[in-house]
Colleague: 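Pasting a structure here, questions to come.
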Amino acid sequence: MKHLTGLYGLPASTLLDILNLASSYREGLKAENPSFDPVLVNRRVALVFFENSTRTRFSFEIAARHLGAGTLSFSASASSVTKGETLSDTIRNLEAMKVDAFILRHPSSCSAEFVASITDRPVINAGDGTHEHPTQALLDILTLREYFGRIEGVKIMILGDILHSRVARSNIFGLRTLGAEIAVCAPATLLPCRIDHLGVKVFTGIDEALAWADAAIVLRLQLERATGGYIPSLEEYSASYGLTDEKLDRLKRLLPVLHPGPINREIEISNLVADRIQPPGYSSSMLMEQVTNGVAVRMAVLHRLLSKHS
Ligand code: CP
């Protein structure tokens with residue numbers, strides 16, 4: 001594996017190799033002052049972000065530093081992109097400064113594959129348009145594997161704005177490769193055409209979807225994109241598709257709940273469901289576990305792509 005631009009087409013053996021290495025890093029992160037073998041010493045990783053980020057950017061930065069790598073941060077808004085510089089010129093200039101790898105977030109789908117085609121340095125997709133967000137899916141899969149002890153045969157329901165979600169696509173590809181059953185649940189306007197061709201069940205009613213699921217991944221309603229005619233109103237969306245205690249009470253069994261963040265509180269997920277780590281109640285929030293697992297997964301990906309000894 002030279003780049004990580006998506007989970008589509010990656011074999012189970014590659015996914016398991018990353019997940020197993022991430023699990024061992026996750027153990028190390030439980031220490032009060034985690035310390036790791038600096039396998040990436042003298043390596044320089046460029047975080048090239050054309051979109052805002054909190055979790056992905058920070059966790060890549062922490063992951064790189066845990067492994068001894070230096071990080072360089074690039075924000076489009078504070079760069080020469082504002083003067084008209086192109087993506088390819090930006091990458092070529094950073095490459096000329098001897099950057100060892102690119103971690104790219106960009107609003108255009110398939111931009112990571114484009115960058116991979118113009119550089120010989122490893123490229124990691126940190127979210128490109130509505131295409132893929134592979135490390136988010138890997139951390140979701142690691143969180144689910146820790147909870148269930150396996151992925152094969154587990155029924156995962158992805159709820160919400162599937163149409164605009166790179167997280168949904170990466171999860172569908174990765175989880176299916178590892179043998180999970182996947183369903184999506186959303187209003188028809190927020191489902192891509194022929195989503196069933198990706199091998200997923202489709203629900204438009206949340207009660208049915210919850211009854212089917214062993215776990216739910218709730219997606220952010222992408223307010224910047226999904227309000228323009230896709231839904232009648234936020235109130236109606238929230239009443240029909242927001243994950244609340246009332247809906248989980250009807251289920252009457254414990255459901256682990258994941259969300260990639262950032263969350264729109266009281267729109268796609270209620271405060272109670274987002275914040276409840278322990279019962280009483282019928283949900284268990286995995287949100288902070290996901291964030292910590294994000295560091296471990298990104299350490300594993302950086303190790304595999306950049307270490308001379310991987
Ligand atoms: N989940 C995720 O990608 O969050 P950020 O946009 O904060 O990185």
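Just follow the structure's listing: the first ligand is 1, and inside any ligand the first atom is 1.
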Colleague: Of all heavy-atom pairs between L287 and A274, which one has the smallest distance, and what is that distance?
Modeller: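 L287 and A274 have their closest heavy atoms at CD2-O, 4.2 Å.
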
Colleague: Just wondering, do V154 and L144 contact through their side chains at under 4.5 Å, heavy atoms?
Modeller: no

Colleague: How close do K247 and G242 get, counting heavy atoms only, and between which atoms?
Modeller: NZ-O, 2.6 Å

Colleague: Tell me whether G127 reaches ligand 1 (any heavy atom closer than 4.0 angstrom to a ligand atom).
Modeller: no

Colleague: Check R26 with E289, please: is the shortest side-chain N to carboxylate O separation under 4.0 Å?
Modeller: yes

Colleague: Are R57 and F49 in a cation-pi contact, defined as NZ or CZ under 6.0 Å from the six-membered ring centre and within 45° of the axis?
Modeller: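 Judged by the rule, R57 and F49 form a cation-pi pair.
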
Colleague: Quick one: which of R57, R105, R220, R166 has a heavy atom closest to atom 6 (O) of ligand 1?
Modeller: R105

Colleague: Using a 4.0 Å cut-off to any heavy atom of T54, which atoms of ligand 1 qualify?
Modeller: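 Within the 4.0 Å cut-off of T54, ligand 1 contributes 5 (P), 7 (O), 8 (O).
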
Colleague: Counting each atom of ligand 1 from 1 as listed, which ones have a heavy atom of Q136 under 4.0 Å away?
Modeller: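 The list of qualifying atoms is 1 (N), 2 (C).
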
Colleague: Pull out every atom of ligand 1 sitting under 4.0 Å from any heavy atom of T56, numbered as shown with elements.
Modeller: 2 (C), 3 (O), 4 (O), 5 (P), 8 (O)

Colleague: Give me the residue, atom name and distance of the protein heavy atom closest to atom 4 (O) of ligand 1.
Modeller: R55 NE, 3.0 Å

Colleague: Who's the nearest protein heavy-atom neighbour of atom 1 (N) of ligand 1, and how far?
Modeller: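 Protein heavy atom at minimum distance: P260 O, 2.9 Å.
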
Colleague: Within a distance under 4.0 Å of any heavy atom of G261, pick out the atoms of ligand 1 and give their elements.
Modeller: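 Those of ligand 1 that fall under 4.0 Å from G261 are 1 (N), 2 (C), 4 (O).
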
Colleague: Closest approach of L29 and H66, non-hydrogen atoms and distance?
Modeller: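 In this case the closest contact between L29 and H66 is CD2-NE2, 3.6 Å.
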
